[in-house]
Amino acid sequence: GLEGAAARGVRGVAVGDLSVGAGGTSFASTNMRDFNLENMSLYYGSLSGTFSPKGQMSGSVTSSGGSVTFEGRYDAHYEEQASLTALAGRYSGQVGTRFGVESMSLQITPGGAITGSSLTGCNVSGTAGLQGANAVYTLRLTYGSGCKLNGVTHTGHAVLTPGTLLRAVATAQDLSDAVIFIGSKF
């Protein structure tokens, strides 16, 4: 479950531009990037799979790092209305970039302003917004003083489930870099 994801920490993410097949039950990406934070590698490849609306999904990732399969199921939490008030709070967790994984604290205000700092002194700032009428938030994060990515901005998305676990992924516009955060509200 989600608690297991927090316990395992930040390990990596695959991102890319997805296209949905004509029948509406398949998806693919030919510009997939697999950010593997366990061995600090970036792999280029493709991703494809099938899904049933509000049901199951499965697929495979193929890259220079190898091939893996994945599966998942629809989470009805997606149907819930997001609110910046629900998102607001302090989070403690792990952040991962191509430079490594470390502990980080984030503060999100009811207006969507984000500030954060890591144990090594990396400071981030940004904004969170609502993504339509569902339980997904938009993110814009900029790295500041003390960060190896000083001055770099990433955009992406976050989900808050089941009300206290924040999972966020943001990338550079050209998909050359990504940041992943998994943390709990305290």
Side-chain angles (χ1 to χ4, degrees), residues 2 5 8 10-80 82 87 94-101 106 112 114 124-143 147-149 151-161 165-183:
L2 297 175
R8 288 188 302 271
V10 174
R11 296 168 52 176
V13 65
V15 298
D17 296 320
L18 284 180
S19 60
V20 176
T25 59
S26 64
F27 57 90
S29 173
T30 57
N31 70 339
M32 187 274 313
R33 306 295 191 267
D34 178 3
F35 296 91
N36 184 321
L37 300 178
E38 292 180 308
N39 65 10
M40 306 308 295
S41 297
L42 170 60
Y43 301 112
Y44 295 81
S46 61
L47 176 146
S48 62
T50 60
F51 69 96
S52 59
K54 296 187 180 183
Q56 306 271 36
M57 69 182 294
S58 61
S60 62
V61 172
T62 303
S63 72
S64 54
S67 295
V68 296
T69 60
F70 62 90
E71 58 184 39
R73 61 182 163 76
Y74 183 78
D75 184 347
H77 174 74
Y78 178 77
E79 301 293 332
E80 296 175 10
L87 183 64
Q94 290 186 315
V95 64
T97 69
R98 62 187 159 112
F99 295 109
V101 177
L106 289 180
I114 301 172
V124 298
S125 62
T127 56
L130 301 177
Q131 171 74 37
N134 55 43
V136 177
Y137 299 91
T138 60
L139 294 176
R140 181 176 177 85
L141 298 172
T142 300
Y143 298 90
C147 302
K148 291 182 179 174
L149 293 169
V152 174
T153 298
H154 287 120
T155 58
H157 296 90
V159 293
L160 180 63
T161 56
L165 181 65
L166 180 66
R167 295 179 293 161
V169 174
T171 64
Q173 186 174 354
D174 65 358
L175 300 178
S176 63
D177 199 18
V179 62
I180 306 153
F181 178 82
I182 298 175

**Request:** With rounding to the nearest 0.5 Å, note down the distance linking CG in Leu87 to CG in Leu106.
**Result:** 10.0 Å
**Asked** If you look at every heavy atom in Leu42 and Ser176, which pair is closest and at what distance?
**Response** CD2-O, 4.0 Å
**Asked** Closest approach of Phe35 and Leu175, non-hydrogen atoms and distance?
**Response** CZ-O, 3.4 Å
**Qualifying side chain to side chain donor-acceptor pair (under 3.5 Å) pairs, either residue in residues 12-28, two or more places apart** = Asp17-Asn31
**Request:** Give, for atom NE2 of His77 and atom CG of Asn134, the distance between the pair rounded to the nearest 0.5 Å.
**Result:** 9.5 Å
**Request:** Taking all heavy atoms of Ser64 and all of Tyr43, pick out the closest pair and write down the distance.
**Result:** OG-CD2, 3.4 Å
**Asked** When rounded to the nearest 0.5 angstrom, what distance separates CG in Leu165 from CG in Leu160?
**Response** 7.5 Å
**Message:** Nearest 0.5 angstrom please: Thr30 OG1 to Leu47 CG, how far?
**Reply:** 10.5 Å
**Prompt:** Stepwise, does the side-chain contact (heavy atoms from CB on, under 4.5 Å) test hold for Tyr44 with Arg33?
**Reply:** CA-CA 5 Å; Tyr44 295 81; Arg33 306 295 191 267; 3.0 Å; yes
**Request:** Using a 4.5 Å cut-off on heavy atoms from C-beta on, say whether the side chain of Val179 contacts that of Val95.
**Result:** yes
**Request:** Answer yes or no: is there a side-chain heavy-atom contact under 4.5 Å between His157 and Leu139?
**Result:** no
**Request:** Answer yes or no: are there more than 12 heavy-atom neighbours, outside Tyr74 itself, under 6.0 Å from its atom OH?
**Result:** yes
**Asked** If you measure from CG on Asp177 to CZ on Phe99, what distance do you get to the nearest 0.5 Å?
**Response** 7.0 Å
**Request:** Quick one: sort the His154 and Tyr143 rings into parallel, tilted or perpendicular, breaks at 30° and 60°.
**Result:** perpendicular
**Evaluation steps, side-chain contact (heavy atoms from CB on, under 4.5 Å), between Glu79 and Lys54** = CA-CA 10 Å; Glu79 301 293 332; Lys54 296 187 180 183; 3.2 Å; yes
**side-chain contact (heavy atoms from CB on, under 4.5 Å) between Val159 and Tyr137, worked out** = CA-CA 6 Å; Val159 293; Tyr137 299 91; 6.0 Å; no
**Item:** Minimum heavy-atom distance Phe51-Gly24, with the two atoms named
**Value:** CZ-O, 3.0 Å
**Request:** Before giving the answer on side-chain contact (heavy atoms from CB on, under 4.5 Å), spell out for Ile182 and Gln94 the whole-Å C-alpha distance, their side-chain angles and the decisive distance to 0.1 Å.
**Result:** CA-CA 6 Å; Ile182 298 175; Gln94 290 186 315; 5.7 Å; no
**Item:** Rounded distance [0.5 Å steps], CE in Met57 versus CD in Glu71
**Value:** 10.5 Å
**Message:** Looking at every non-hydrogen atom in both residues, tell me the closest pair between Ala82 and Ala135 and how far apart they are.
**Reply:** CB-CA, 3.9 Å
**Prompt:** Looking just at side-chain N and O atoms, do Thr153 and Thr142 make a donor-acceptor pair shorter than 3.5 Å?
**Reply:** yes
**Complete:** Shortest non-hydrogen pair, Ala168 vs Ala158, comes out as CB-CB, 3.8 Å
